[in-house]
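Chain identifiers are assigned alphabetically (A, B, ...) following the order of the sequence lines, protein sequences preceding nucleic acid strands; residue numbering begins at 1 within each chain. Owing to the predicted nature of the structure, the values given are computational and were not obtained by experimental measurement.
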Protein chains: 4
Amino acid sequence: MVEGTGRGRRADAVRNRQLALQAATALLAEPGGTLTVEAIARKAGLGAATVVRAFGGKEALLDAAVASLLAPVVDRAERLLEQVGPERALRTFLVELIAFQSAHHSISDQLEGMETPATAALRRQLVSAVEEMIVGARRDGAIRTDLEPAALVTLVGRTAFAIAQARPASEEIVHAYLTVLMDGLRPQSPGPGSKEGPRSQHTP
Amino acid sequence: MVEGTGRGRRADAVRNRQLALQAATALLAEPGGTLTVEAIARKAGLGAATVVRAFGGKEALLDAAVASLLAPVVDRAERLLEQVGPERALRTFLVELIAFQSAHHSISDQLEGMETPATAALRRQLVSAVEEMIVGARRDGAIRTDLEPAALVTLVGRTAFAIAQARPASEEIVHAYLTVLMDGLRPQSPGPGSKEGPRSQHTP
Amino acid sequence: MVEGTGRGRRADAVRNRQLALQAATALLAEPGGTLTVEAIARKAGLGAATVVRAFGGKEALLDAAVASLLAPVVDRAERLLEQVGPERALRTFLVELIAFQSAHHSISDQLEGMETPATAALRRQLVSAVEEMIVGARRDGAIRTDLEPAALVTLVGRTAFAIAQARPASEEIVHAYLTVLMDGLRPQSPGPGSKEGPRSQHTP
Amino acid sequence: MVEGTGRGRRADAVRNRQLALQAATALLAEPGGTLTVEAIARKAGLGAATVVRAFGGKEALLDAAVASLLAPVVDRAERLLEQVGPERALRTFLVELIAFQSAHHSISDQLEGMETPATAALRRQLVSAVEEMIVGARRDGAIRTDLEPAALVTLVGRTAFAIAQARPASEEIVHAYLTVLMDGLRPQSPGPGSKEGPRSQHTP
DNA sequence: AATGAATGAGGGTTCATTCAT
DNA sequence: GATGAATGAACCCTCATTCAT
């Protein structure tokens with residue numbers, strides 16, 4: 001409510017941009033969200049033309065919305081890298097990423113094929129951060145070396161998004177995912193002579 | 001005009017259903033496929049009204065198309081269960097599932113939120129089969145017991161679909177996925193006392 | 001009205017295309033015609049989507065409408081060239097062109113900058129025909145030789161369209177135009193020594 | 001806030017009107033000019049609401065803009081009448097009119113059907129001036145008497161506008177136009193007995 | 001009084017469905 | 001029964017005008 005900074009109308013415009021953005025992200029969170037310009041405008045309490053004008057087209061609006069959701073995630077990833085070791089950073093990041101995504105169900109569908117500037121840039125940053133985590137953890141001996149980091153980045157990214165989309169968002173599934181993933185990523189000690197021979201042989 | 005058999009009309013109807021189905025599945029496979037009724041009809045060499053009439057609406061058509069794609073997958077899963085051990089069945093099934101999905105890119109997008117009868121039923125069957133695999137493998141000691149089978153089923157299903165959607169479909173990523181997943185699913189031997197304590201502790 | 005040729009629905013489609021075309025040309029004739037797709041559709045007694053679908057876009061619709069109006073004019077020009085001498089052809093053609101245009105007021109505005117295929121092609125044909133008339137008349141000694149035929153073609157074309165647009169369409173103005181133009185186009189005999197010196201000196 | 005004079009506001013309003021007018025006339029000159037209120041305002045360095053408010057609507061703005069362009073033309077016509085003989089006045093005026101129009105391409109499109117007060121009044125003045133030129137020239141024996149002055153006024157006005165609109169603005173075409181027009185307007189000496197009989201017979 | 005922003009009306013286009021042939 | 005065509009609803013976008021600051 002601290003708006004009376006003085007500048008005449010700019011404040012309102014900024015507020016409405018925020019409103020539109022919030023409405024868009026809210027619809028991005030609903031599983032069956034409509035994501036039409038009019039639906040967003042209605043939810044924001046604005047006219048349809050207003051949100052179009054504020055962003056310059058639907059694509060730009062969605063770009064901004066997705067980016068505004070993604071930005072703190074990226075930020076968090078980069079901060080984690082500075083604060084804790086790479087393995088712990090990866091684990092923590094995944095927990096938070098999934099929690100975040102669970103609250104914004106449609107975002108993955110939108111992210112697919114989104115080549116709009118802000119989103120694409122953030123995605124690149126995100127990939128970089130995760131790659132750094134994985135490379136670092138690998139260097140620390142916490143992640144297996146028989147798989148390429150690049151592949152693991154894609155693997156982690158795609159599966160995390162997929163898990164986050166599960167409905168209903170189950171703590172149990174998230175726990176299972178993290179457990180299986182982190183254990184599977186570890187350097188594998190050759191197990192006690194099993195009937196099936198050494199682990200991890202897939203020749204499709 | 002040479003219909004001959006007297007059930008000619010019925011035979012035609014069946015043939016047209018097949019044509020429409022094939023066209024829909026073909027479009028489902030193309031990454032940028034247009035999935036409009038008219039596009040499907042054109043591909044099928046039929047009129048738009050015919051394909052609608054044959055299924056009673058676009059939703060029913062897509063239901064049938066997805067189901068027709070899913071059916072052999074389910075079939076394969078159930079057959080594998082009868083023929084090989086559950087762990088091997090799971091592994092093999094995943095390989096094939098991903099390969100199948102990679103060849104039908106749009107299907108996952110469609111599967112999301114599809115509660116149409118045929119597809120939903122098949123999905124239930126698929127879940128059952130995978131559950132059986134997991135329960136069996138767990139009984140055999142090939143899968144860890146600290147995670148609930150139901151959660152693992154969801155986990156496996158969602159991540160497999162996610163990996164299959166990767167573009168470009170990379171052998172390397174699929175391999176990494178299968179390796180990490182199968183290793184992560186195994187009963188974990190307690191590692192040598194690490195600083196971080198025993199494995200698989202996530203306190204989000 | 002001879003439509004009952006047998007082919008099921010094509011006949012109706014053709015009829016509706018004609019209806020849309022007629023509606024468009026009718027609006028093209030009205031000075032303040034609205035020329036929106038919906039106005040055309042309403043006038044034709046059709047849905048807006050129908051006329052769009054029938055032509056593939058508003059531009060194509062206007063192209064077809066203008067072309068359908070222009071085609072008989074071009075045809076007439078070419079026929080005249082075969083039947084009468086070039087000077088008489090030019091004169092007759094202009095009379096008819098203006099009469100035609102007077103009945104379709106908006107067409108000139110549309111012709112400006114129309115680079116759609118059918119219209120552009122017809123315009124080229126029209127220019128060719130008029131050029132042939134002028135070149136022929138010049139060869140016959142009926143048109144002055146101190147001005148380039150190409151310039152005269154443009155001159156005749158633009159002014160004829162302009163005269164046709166006069167409201168109200170006055171016979172008197174058309175007559176004055178034709179008289180002045182044709183006389184001005186003739187080889188000019190040096191008049192009796194006037195105060196102002198020889199004719200036709202413009203040095204802007 | 002340093003307004004000083006007390007009539008500052010009014011002075012500002014006048015200045016803004018001028019700015020808007022200049023912007024509008026500048027846009028009127030550009031062939032592909034956008035002519036939206038916002039474009040005009042941007043070019044004028046003003047707010048959109050300001051230019052609307054200053055004129056009371058877009059139509060009034062265009063009226064004023066066109067009028068401001070037309071006014072000097074009318075002025076020039078009336079001045080020429082006072083300074084040189086009517087025939088010379090007509091010729092000179094046409095040269096200048098065409099040059100002026102060529103520099104303001106969009107104006108003719110706007111003039112069509114403009115019945116807004118300022119423009120209409122100026123047009124009437126312009127018609128009067130040209131009529132005076134023609135009547136005067138006719139009295140001087142420089143213009144043929146077999147055509148009504150009123151018709152010639154319309155004829156000259158429409159065709160001049162049409163020629164001015166030619167793209168690209170060609171000196172050659174303008175020259176051809178003036179030559180043909182002025183020669184055609186002259187009293188016609190009966191030609192030597194031609195096969196086609198006396199000149200200027202049009203039987204449409 | 002000036003203005004940036006808001007907006008309602010309207011434009012063209014697409015598409016699943018319906019209809020007449 | 002099959003079909004090409006018709007269509008109403010919905011979508012995104014533009015613009016002249018209005019309003020709150």
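Atom CG of C:Leu61 is separated from atom CZ of C:Arg17 by 9.0 Å, given to the nearest 0.5 angstrom.
Against DNA chain F, the stretch residues 44-61 of chain A makes heavy-atom approaches under 4.0 Å through A:Ala49, A:Gly57, A:Lys58. Residues of residues 16-27 of chain A that place a heavy atom closer than 4.0 Å to DNA chain E, in numerical order, are A:Asn16.
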Applying the Watson-Crick and G-U criteria (both distances under 3.5 angstrom) with [ ] for crossing and | for other-strand pairs, one obtains for DNA chain F .||||||||||||||||||||
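Side-chain contact between B:Arg123 and B:Glu115: present, with at least one pair of heavy atoms (C-beta onward) separated by less than 4.5 Å. Taking the side chain as every heavy atom from C-beta outward, D:Leu35 and D:Leu62 approach each other to under 4.5 Å.
In this structure, D:Asp63 atom CG and F:dA16 atom P are separated by 16 Å, rounded to whole Å. Summarising the geometry, the separation between CZ on B:Arg42 and C1' on F:dT3 is reported as 15 Å, rounded to the nearest angstrom. For the pair C:Arg15 CZ and F:dG4 C1', the computed distance is 15 Å after rounding to whole Å.
Closest of all the heavy-atom pairs between B:Phe55 and B:Ala60 is O-CB, 3.2 Å.
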With a cut-off of 3.5 Å and sequence neighbours excluded, list every side-chain donor-acceptor pair involving residues 63-71 of chain A.
residue	atom	partner	partner atom	Å
A:Asp63	OD1	A:Thr116	OG1	2.7
A:Asp63	OD1	A:Thr119	N	2.9
A:Asp63	OD1	A:Thr119	OG1	2.6
A:Asp63	OD2	A:Ala118	N	3.2
A:Ser68	OG	A:Ala65	O	2.9

Output side-chain donor-acceptor pairs under 3.5 Å for residues 36-43 of chain A, partner residues at least two apart or in another chain, one line each.
residue	atom	partner	partner atom	Å
A:Thr36	OG1	A:Ala39	N	3.0
A:Lys43	NZ	A:Glu30	OE2	2.8

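The listed nucleotides are E:dC15, F:dC15, E:dG12; the one nearest the side chain of D:Thr36 is F:dC15.
Applying the side chain to side chain donor-acceptor pair (under 3.5 Å) test to B:Thr50 and every residue at least two apart in sequence or in another chain returns nothing.
For D:Glu38 and B:Glu38, each mapped to the nucleotide of DNA chain F holding its nearest heavy atom, the one lying further toward the 5' end belongs to B:Glu38.
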